[in-house]
Amino acid sequence: MEQIFYILPRGLAIGMLISAPMGPIGMLVIQRTLGKGRWPGFFTGMGAGLSDLIYCLLTGFGLSFMTEFIDRHQLLLQLVGSIVLAIFGLYLFRKNPTRSLKAPDVKATNYWSDFVTGFLLTFSNPLILFFIIGLFARFAFILPEFHPYHHIVAYTAIFGGALLWWWGVTTLVHRLGRRINVRSLKLINRIIGILLIGMAAVGLVMAVYDLLSQ
(Lines give C-alpha, C1' and ligand atoms only; values in the text may rest on other atoms or scores of the structure.)
Protein backbone atom coordinates (compact mmCIF):
# COMPACT_ATOMS: atom_id res chain seq x y z
CA MET A 1 0.00 0.00 0.00
CA GLU A 2 2.92 2.32 0.70
CA GLN A 3 4.06 2.01 -2.91
CA ILE A 4 0.56 2.91 -4.14
CA PHE A 5 0.75 6.17 -2.19
CA TYR A 6 4.22 6.68 -3.70
CA ILE A 7 2.88 6.14 -7.23
CA LEU A 8 -0.42 8.04 -7.23
CA PRO A 9 0.73 11.65 -6.62
CA ARG A 10 3.69 11.23 -8.96
CA GLY A 11 1.53 9.72 -11.70
CA LEU A 12 -1.04 12.51 -11.40
CA ALA A 13 1.72 15.14 -11.46
CA ILE A 14 3.36 13.60 -14.54
CA GLY A 15 0.01 13.43 -16.37
CA MET A 16 -0.72 17.07 -15.62
CA LEU A 17 2.77 18.30 -16.48
CA ILE A 18 2.81 16.49 -19.82
CA SER A 19 -0.54 18.07 -20.74
CA ALA A 20 0.14 21.53 -19.33
CA PRO A 21 2.31 23.27 -21.99
CA MET A 22 0.12 25.47 -24.20
CA GLY A 23 1.25 24.32 -27.63
CA PRO A 24 -0.94 23.42 -30.62
CA ILE A 25 -3.12 20.96 -28.69
CA GLY A 26 -3.76 23.49 -25.92
CA MET A 27 -4.75 26.09 -28.48
CA LEU A 28 -7.06 23.60 -30.21
CA VAL A 29 -8.74 22.66 -26.93
CA ILE A 30 -9.31 26.33 -26.12
CA GLN A 31 -10.63 27.09 -29.62
CA ARG A 32 -13.07 24.22 -29.52
CA THR A 33 -14.23 25.08 -26.02
CA LEU A 34 -14.89 28.68 -27.08
CA GLY A 35 -16.42 27.80 -30.45
CA LYS A 36 -18.28 24.55 -29.80
CA GLY A 37 -18.62 24.17 -26.04
CA ARG A 38 -16.93 22.55 -23.08
CA TRP A 39 -17.40 18.89 -24.03
CA PRO A 40 -15.87 19.07 -27.53
CA GLY A 41 -12.84 20.76 -25.95
CA PHE A 42 -12.63 18.15 -23.21
CA PHE A 43 -12.85 15.22 -25.64
CA THR A 44 -10.09 16.82 -27.70
CA GLY A 45 -7.96 16.93 -24.56
CA MET A 46 -8.91 13.34 -23.76
CA GLY A 47 -7.56 12.26 -27.15
CA ALA A 48 -4.33 14.13 -26.38
CA GLY A 49 -4.19 12.39 -22.99
CA LEU A 50 -4.45 8.97 -24.62
CA SER A 51 -1.59 9.85 -26.98
CA ASP A 52 0.54 10.97 -24.04
CA LEU A 53 -0.32 7.73 -22.23
CA ILE A 54 0.91 5.68 -25.19
CA TYR A 55 4.21 7.58 -25.19
CA CYS A 56 4.46 7.02 -21.42
CA LEU A 57 3.91 3.28 -21.95
CA LEU A 58 6.62 3.25 -24.62
CA THR A 59 8.95 5.08 -22.25
CA GLY A 60 8.15 2.76 -19.34
CA PHE A 61 8.48 -0.32 -21.51
CA GLY A 62 11.87 0.83 -22.70
CA LEU A 63 12.99 1.71 -19.20
CA SER A 64 11.83 -1.66 -17.88
CA PHE A 65 14.72 -3.25 -19.78
CA MET A 66 17.08 -0.98 -17.85
CA THR A 67 15.83 -1.48 -14.29
CA GLU A 68 19.24 -2.68 -13.08
CA PHE A 69 20.92 0.32 -14.69
CA ILE A 70 18.33 2.67 -13.16
CA ASP A 71 18.81 1.11 -9.74
CA ARG A 72 22.58 1.61 -9.94
CA HIS A 73 22.52 5.12 -11.44
CA GLN A 74 19.34 6.60 -9.97
CA LEU A 75 21.06 9.77 -8.74
CA LEU A 76 22.73 10.38 -12.08
CA LEU A 77 19.40 9.90 -13.88
CA GLN A 78 17.74 12.30 -11.47
CA LEU A 79 20.47 14.81 -12.26
CA VAL A 80 20.02 14.40 -16.02
CA GLY A 81 16.23 14.45 -15.71
CA SER A 82 16.38 17.70 -13.75
CA ILE A 83 18.54 19.27 -16.46
CA VAL A 84 16.02 18.18 -19.11
CA LEU A 85 13.18 19.74 -17.09
CA ALA A 86 15.14 22.96 -16.67
CA ILE A 87 15.78 23.22 -20.42
CA PHE A 88 12.14 22.49 -21.22
CA GLY A 89 10.97 24.98 -18.59
CA LEU A 90 13.18 27.70 -20.09
CA TYR A 91 11.87 26.81 -23.56
CA LEU A 92 8.28 27.17 -22.39
CA PHE A 93 9.00 30.45 -20.62
CA ARG A 94 10.30 31.98 -23.85
CA LYS A 95 7.91 30.29 -26.30
CA ASN A 96 5.11 32.05 -28.15
CA PRO A 97 2.28 29.46 -28.01
CA THR A 98 0.79 30.59 -31.33
CA ARG A 99 3.88 30.08 -33.51
CA SER A 100 3.61 26.30 -33.83
CA LEU A 101 -0.14 26.32 -34.34
CA LYS A 102 -1.37 25.07 -37.68
CA ALA A 103 -4.85 25.93 -38.78
CA PRO A 104 -6.96 23.33 -36.94
CA ASP A 105 -10.03 21.64 -38.23
CA VAL A 106 -12.80 22.82 -35.94
CA LYS A 107 -15.64 21.51 -38.08
CA ALA A 108 -15.97 18.19 -36.26
CA THR A 109 -19.59 17.42 -35.50
CA ASN A 110 -19.21 14.74 -32.84
CA TYR A 111 -17.11 13.89 -29.82
CA TRP A 112 -15.40 11.01 -31.62
CA SER A 113 -13.99 13.41 -34.23
CA ASP A 114 -12.83 15.75 -31.48
CA PHE A 115 -11.16 12.85 -29.69
CA VAL A 116 -9.41 11.54 -32.81
CA THR A 117 -8.10 14.93 -33.93
CA GLY A 118 -6.76 15.63 -30.44
CA PHE A 119 -5.06 12.24 -30.42
CA LEU A 120 -3.51 12.62 -33.88
CA LEU A 121 -2.27 16.17 -33.29
CA THR A 122 -0.51 15.11 -30.08
CA PHE A 123 0.77 11.78 -31.43
CA SER A 124 2.40 13.59 -34.36
CA ASN A 125 4.96 15.09 -31.94
CA PRO A 126 7.21 12.21 -30.77
CA LEU A 127 9.67 14.71 -29.26
CA ILE A 128 7.43 14.59 -26.17
CA LEU A 129 9.28 11.34 -25.37
CA PHE A 130 12.31 13.34 -24.21
CA PHE A 131 10.14 15.33 -21.80
CA ILE A 132 8.51 12.13 -20.50
CA ILE A 133 11.90 10.47 -19.95
CA GLY A 134 12.98 13.55 -18.00
CA LEU A 135 9.87 13.41 -15.83
CA PHE A 136 10.20 9.67 -15.22
CA ALA A 137 13.82 10.13 -14.18
CA ARG A 138 13.13 13.21 -12.05
CA PHE A 139 10.31 11.51 -10.11
CA ALA A 140 12.04 8.08 -10.01
CA PHE A 141 8.74 6.83 -11.35
CA ILE A 142 9.71 3.36 -12.60
CA LEU A 143 11.24 1.30 -9.79
CA PRO A 144 12.78 -2.17 -10.14
CA GLU A 145 10.54 -3.63 -7.42
CA PHE A 146 7.29 -2.67 -9.17
CA HIS A 147 4.81 -5.48 -9.77
CA PRO A 148 2.34 -5.51 -12.72
CA TYR A 149 -0.44 -3.99 -10.61
CA HIS A 150 1.89 -1.11 -9.67
CA HIS A 151 2.34 -0.35 -13.37
CA ILE A 152 -1.44 -0.44 -13.90
CA VAL A 153 -1.93 2.07 -11.07
CA ALA A 154 0.95 4.21 -12.35
CA TYR A 155 -0.30 4.60 -15.91
CA THR A 156 -3.91 4.98 -14.79
CA ALA A 157 -2.74 7.85 -12.56
CA ILE A 158 -0.92 9.47 -15.50
CA PHE A 159 -4.06 9.34 -17.64
CA GLY A 160 -6.11 10.60 -14.70
CA GLY A 161 -3.74 13.54 -14.27
CA ALA A 162 -4.13 14.43 -17.95
CA LEU A 163 -7.93 14.27 -17.69
CA LEU A 164 -7.87 16.44 -14.56
CA TRP A 165 -5.79 19.03 -16.41
CA TRP A 166 -8.06 19.19 -19.45
CA TRP A 167 -11.16 19.21 -17.24
CA GLY A 168 -9.75 22.21 -15.41
CA VAL A 169 -8.72 24.00 -18.63
CA THR A 170 -12.08 23.53 -20.36
CA THR A 171 -13.96 24.53 -17.21
CA LEU A 172 -11.90 27.71 -16.83
CA VAL A 173 -12.13 28.63 -20.52
CA HIS A 174 -15.87 27.95 -20.59
CA ARG A 175 -16.39 30.29 -17.64
CA LEU A 176 -14.04 33.04 -18.79
CA GLY A 177 -15.22 32.91 -22.41
CA ARG A 178 -13.71 35.48 -24.73
CA ARG A 179 -11.46 36.93 -22.04
CA ILE A 180 -8.94 34.19 -22.92
CA ASN A 181 -6.34 35.63 -25.31
CA VAL A 182 -2.77 35.09 -26.54
CA ARG A 183 -1.39 37.06 -23.59
CA SER A 184 -3.15 34.65 -21.21
CA LEU A 185 -1.59 31.66 -23.01
CA LYS A 186 1.87 33.20 -22.77
CA LEU A 187 1.33 33.79 -19.06
CA ILE A 188 0.27 30.15 -18.57
CA ASN A 189 3.39 28.94 -20.38
CA ARG A 190 5.61 31.20 -18.30
CA ILE A 191 4.05 30.01 -15.04
CA ILE A 192 4.48 26.38 -16.08
CA GLY A 193 8.04 27.09 -17.21
CA ILE A 194 8.90 28.66 -13.84
CA LEU A 195 7.40 25.67 -12.01
CA LEU A 196 9.43 23.23 -14.10
CA ILE A 197 12.63 25.23 -13.58
CA GLY A 198 11.91 25.30 -9.83
CA MET A 199 11.36 21.54 -9.74
CA ALA A 200 14.53 21.04 -11.76
CA ALA A 201 16.52 23.25 -9.36
CA VAL A 202 15.31 21.25 -6.34
CA GLY A 203 16.14 18.00 -8.14
CA LEU A 204 19.62 19.23 -9.08
CA VAL A 205 20.40 20.33 -5.51
CA MET A 206 19.18 17.02 -4.07
CA ALA A 207 21.05 14.95 -6.67
CA VAL A 208 24.32 16.86 -6.23
CA TYR A 209 24.03 16.65 -2.45
CA ASP A 210 23.43 12.88 -2.56
CA LEU A 211 26.30 12.38 -4.99
CA LEU A 212 28.71 14.39 -2.82
CA SER A 213 27.61 12.60 0.35
CA GLN A 214 28.35 9.13 -1.04
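Worth saying up front: this structure is predicted, and the values here are computed from it rather than measured. Positions are given from 1 along the sequence.
With rounding to the nearest 0.5 angstrom, the CG atom of Leu57 is 10.5 Å from the NE2 atom of His151. Rounding to the nearest 0.5 Å places CD1 of Ile14 at 9.0 Å from OH of Tyr155. Atom CD1 of Ile18 and atom CD1 of Ile158 lie 6.0 Å apart (nearest 0.5 Å). The line from OG1 of Thr122 to CD1 of Ile25 is 4.0 Å long, rounded to the nearest 0.5 Å. Separating the CG atom in Leu176 from the OG1 atom in Thr33 is a distance of 11.5 Å, to the nearest 0.5 Å. Within the model, atoms CD1 of Ile132 and OG1 of Thr59 stand 4.5 Å from one another, a figure rounded to the nearest 0.5 Å.
Using modelled atom types, one side-chain atom of Thr170 and one backbone atom of Trp167 make a donor-acceptor pair closer than 3.5 Å. The backbone N or O of His147 sits less than 3.5 Å from a side-chain atom of His150, completing a donor-acceptor pair.
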Inset, instruction - Go through Arg38 and Val173 one step at a time and tell me if the side chain to side chain contact (heavy atoms under 4.5 Å, CB included) criterion holds. - result: CA-CA 8 Å; Arg38 178 180 178 182; Val173 172; over 6 Å; no
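Cluster partners of Leu12, by chain and number: Leu164. The rule joins Ile, Leu, Val, Met, Phe, Trp and Tyr whenever side-chain heavy atoms lie under 4.5 Å apart.
Looking at every heavy atom in both residues, Thr156 comes nearest to Ile152 through OG1-O, 2.7 Å. Closest approach of Ala13 and Phe139 over heavy atoms only: CB-CZ, 4.3 Å.
The shortest distance between side-chain heavy atoms of Ile7 and Phe141 falls below 4.5 Å.
Contacts of Arg10 classified as side-chain hydrogen bond (donor to acceptor under 3.5 Å, both in side chains), with partners at least two apart in sequence or in another chain: none.
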Would you list the atom pairs, donor with acceptor, under 3.5 Å between side chains in residues 44-56 and any protein atom, with sequence neighbours excluded?
unit_1: Thr44; atom_1: OG1; unit_2: Arg32; atom_2: NH1; d: 3.0
unit_1: Thr44; atom_1: OG1; unit_2: Pro40; atom_2: O; d: 2.8
unit_1: Ser51; atom_1: OG; unit_2: Phe123; atom_2: N; d: 3.1
unit_1: Tyr55; atom_1: OH; unit_2: Phe123; atom_2: O; d: 2.7

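Classified by interplanar angle (parallel below 30°, tilted 30° to 60°, perpendicular above 60°), the ring pair Trp39/Phe43 is tilted.
Other residues, nucleotides and ligands contribute at most 12 non-hydrogen atoms within 6.0 Å of the NE2 atom of His174.
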